[in-house]
Amino acid sequence: MSKSFDIILRPIITEQSMEHVDIKKYVFEVARDANKIEIKNAVEEIFGVEVDKVTTLNMKGKIKRVGRYPEGSRKAWKKAVVRLTDGSKTIEFFEGMV
């Protein structure tokens, strides 16, 4: 089993993800091989909160031009949307962002 900090790579801070902070939904980039149970346990361990539900999405890397003919692509990554229980405290990292 991986360590929690190997599973949760970084928070995703965009306008769209910040709209759902008031209903306790947070978005993270996670390891591609992590499953929902590992993500739930990692978030609970790192932030000390109670997780209600985890939704994951595999984000495909965009195709980009890297010169005249060769075609490159950005890396593919995995996104997790974590919803906390009603009785849980909020994640303090996101509080100043709204």
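Count residues from 1 along the sequence. What you see is a predicted model, and the numbers here were worked out from it, not measured in a lab. When reading the values below, keep in mind they use all heavy atoms of this one structure, side chains included, and skip hydrogens, waters and symmetry mates.
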I'd like to know whether H20 forms a side chain to side chain contact (heavy atoms under 4.5 Å, CB included) with I23, so could you lay out the CA-CA distance, the side-chain angles of the two residues, the decisive distance to 0.1 Å, and finally the verdict. CA-CA 6 Å; H20 302 293; I23 57 173; 3.9 Å; yes
On a heavy-atom basis, the closest approach of E29 and W77 is CG-CE3, 3.7 Å
Would you say the side-chain atoms of S17 pair up with the backbone N or O of T14, donor to acceptor, closer than 3.5 Å?
yes
Scanning both residues in full, the closest heavy-atom pair of S4 with A42 reads OG-CA, 3.7 Å
Here the gap from E38 atom CD to K3 atom NZ, rounded to the nearest 0.5 Å, amounts to 15.0 Å
Which of V43, I12, T90, V81 passes side chain to side chain contact (heavy atoms under 4.5 Å, CB included) with Y26? It is T90
So NZ of K53 and NZ of K36: to nearest 0.5 Å the spacing works out to 7.5 Å
Single-linkage hydrophobic cluster, 4.5 Å side-chain cutoff, F5 and V30 together:
yes
Distance col, row D86:CG vs E50:CD, nearest 0.5 angstrom, shows 10.5 Å
Residues R68 and R65: closest non-hydrogen pair is O-NH2, 2.6 Å
List the steps and the verdict of side chain to side chain contact (heavy atoms under 4.5 Å, CB included) for L84 and D52. CA-CA 5 Å; L84 305 181; D52 181 34; 6.0 Å; no
On a heavy-atom basis, the closest approach of K40 and V54 is CB-CG2, 4.0 Å
Q | Donor-acceptor pair, side chain of K78 and main chain of D33, under 3.5 angstrom | A | no
Here the gap from I63 atom CD1 to R74 atom CZ, rounded to the nearest 0.5 Å, amounts to 11.0 Å
dist R83:CZ -> K24:NZ (nearest 0.5 Å) comes out at 11.5 Å
Output for pair (I46 CD1, I91 CD1), nearest 0.5 Å, gives 9.5 Å
Are I13 and V49 connected into the same hydrophobic cluster when the rule is that any two of I, L, V, M, F, W, Y join if their side-chain heavy atoms are below 4.5 Å apart? yes
| field | hydrophobic_cluster_shared for M59 and L9, side chain cutoff 4.5 Å | value | no
Closest heavy-atom pair, I39 versus A34, reported as atoms and distance to 0.1 Å, is CG1-CB, 4.0 Å
